[in-house]
Amino acid sequence: MPRVRLVTWNVNSVRKRLPQVLRLLEETAPDVLCLQETKVTDALFPAAALAEMGYPHQARYGMPGYNGVAIVSRRPLAGVRRHDVLGRPDARLILAQVPDLDLDVHCLYVPAGGDVPDPETNPRFADKLAFLDALAEWYAAWFGRIDRIVLCGDVNVAPLPRDVWDHRRLSRVVTHTPVEIDRLARLRSSLLWVDAVRDLTPDDEPVFTWWSYRAGDWRTANKGRRLDHVWVTPPLAPALAGYAVLTEARDWRPPSDHAPLLVTLDLDRAGAE
DNA sequence: ATGTCGGATGCGATCCGA
């Protein structure tokens, strides 16, 4: 079986960013692309343009204006399923099987959590914590079935000190507070998920996938955070072969504030399902 | 507190969410 390439990207509107998405597909030729913040209803999703580029297999879960996730693939998808975390239909998680690869792909967009890292005064932050708790519980109920799952998405948490440009300063900033890091760790424990990037890179090496629009020269300032993650279940850990943050895409005008994350799997080295 | 995006509303400028 050849190497498998997966890319995940928070596009911040798939319609606004369609030329950049097509360029990404052309230049990186992934088997599967996971998109977050598509910000489009399913009826208006640019299905034909992506199909024309060689990606006719698409699972999408959109809503007007906000959120929205999609999995687009060169290989057939099966068993497409949406999951409403906390019972809310807000287009944040979609699941699909890739039968050719004997793999499940999950595409996730975790709530950002607002500006104030206090669940007492900021309902958005409380909601983010509740979302992570509910998702952890949901996955924990799968435990025992040893599946080959790849979870891709914008988890809106940068867990390690070197996942942000300034650990001390950002410890009081939403995305890097201890309480969020604790909740993300619980989610990771739910299925013993392996964080692909940190499995392939020492923890003390800075890795970022997001740079705010508000910093003038993002590359020079480099005030980034690693908000976008690819996690795999234990049978896939031996298959992890490489990753790349495609920072060049952060400059494709008009840019998303996230860079795509590419992960390569060598499925010959994976465990069985 | 600020900075800059994208979408929705409703048709212009403002609000929400990020």
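Note on naming: letters A, B, ... go to the chains in the order of the sequence lines (proteins, then strands), and numbering restarts at 1 for each one.
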Please write out each protein N/O paired with an N/O of nucleotides 16-18 of chain B under 3.5 Å, distance rounded to 0.1 Å.
unit_1 : atom_1 : unit_2   : atom_2 : d
B:dG17 : OP1    : A:Arg124 : NH2    : 2.5
B:dG17 : OP2    : A:Arg124 : NH2    : 3.2
B:dG17 : O5'    : A:Arg124 : NH2    : 2.9
B:dA18 : N6     : A:Arg214 : NH2    : 2.6
B:dA18 : N1     : A:Arg214 : NH2    : 2.7

For residues 43-57 of chain A, pull every pair meeting side-chain hydrogen bond (donor to acceptor under 3.5 Å, both in side chains), keeping only residues two or more places apart or in separate chains.
none
Expressed as a whole number of Å, how far does the [atom1] atom of [N] sit from that of [M]?
| N | M | atom1 | result |
| --- | --- | --- | --- |
| B:dC15 | B:dG10 | C1' | 13 Å |
| B:dG7 | B:dT2 | P | 25 Å |
| B:dA13 | B:dA1 | C1' | 22 Å |

Any chance you could pull the hydrophobic cluster mates of [X], using side-chain heavy atoms under 4.5 angstrom and chaining through other members?
| X | answer |
| --- | --- |
| A:Val116 | none |
| A:Leu160 | none |
| A:Trp210 | A:Leu227 |

List in chain and number order the residues that pass salt bridge (charged side-chain N to carboxylate O under 4.0 Å, His left out) with A:Arg225, two or more places apart in sequence or in another chain; answer none if no residue qualifies.
none
Counterpart residues, salt bridge (charged side-chain N to carboxylate O under 4.0 Å, His left out), relative to A:Arg88 (two or more places apart):
A:Asp90, A:Asp127
Donor-acceptor pairs under 3.5 Å, side chain of residues 70-78 of chain A to any protein atom, not counting sequence neighbours: which ones?
unit_1  : atom_1 : unit_2  : atom_2 : d
A:Ser73 : OG     : A:Arg75 : N      : 2.9
A:Ser73 : OG     : A:Arg75 : O      : 2.6
A:Arg74 : NE     : A:Pro30 : O      : 3.4
A:Arg74 : NH2    : A:Ala29 : O      : 3.3
A:Arg75 : NE     : A:Asp31 : OD1    : 3.1
A:Arg75 : NH2    : A:Asp31 : OD1    : 3.4

Which is true for A:Pro64 with a 4.0 Å heavy-atom rule: it touches a base, it touches only sugar-phosphate, or it touches nothing?
sugar-phosphate
Can a salt bridge be assigned to the pair A:Asp195 and A:Arg198 using a cut-off of 4.0 Å between side-chain N and carboxylate O?
no
Spacing between A:Trp210 atom CH2 and B:dG3 atom C1', to the nearest angstrom
11 Å
Whole angstrom is fine here: how far is it from CG in A:Leu44 over to P in B:dG7?
11 Å
Any side-chain N or O of A:Arg17 below 4.0 angstrom from OP1/OP2 of B:dG6?
yes
At a cut-off of 3.5 Å, list every protein nitrogen or oxygen paired with a nitrogen or oxygen from nucleotides 9-15 of chain B, distance to 0.1 Å.
none

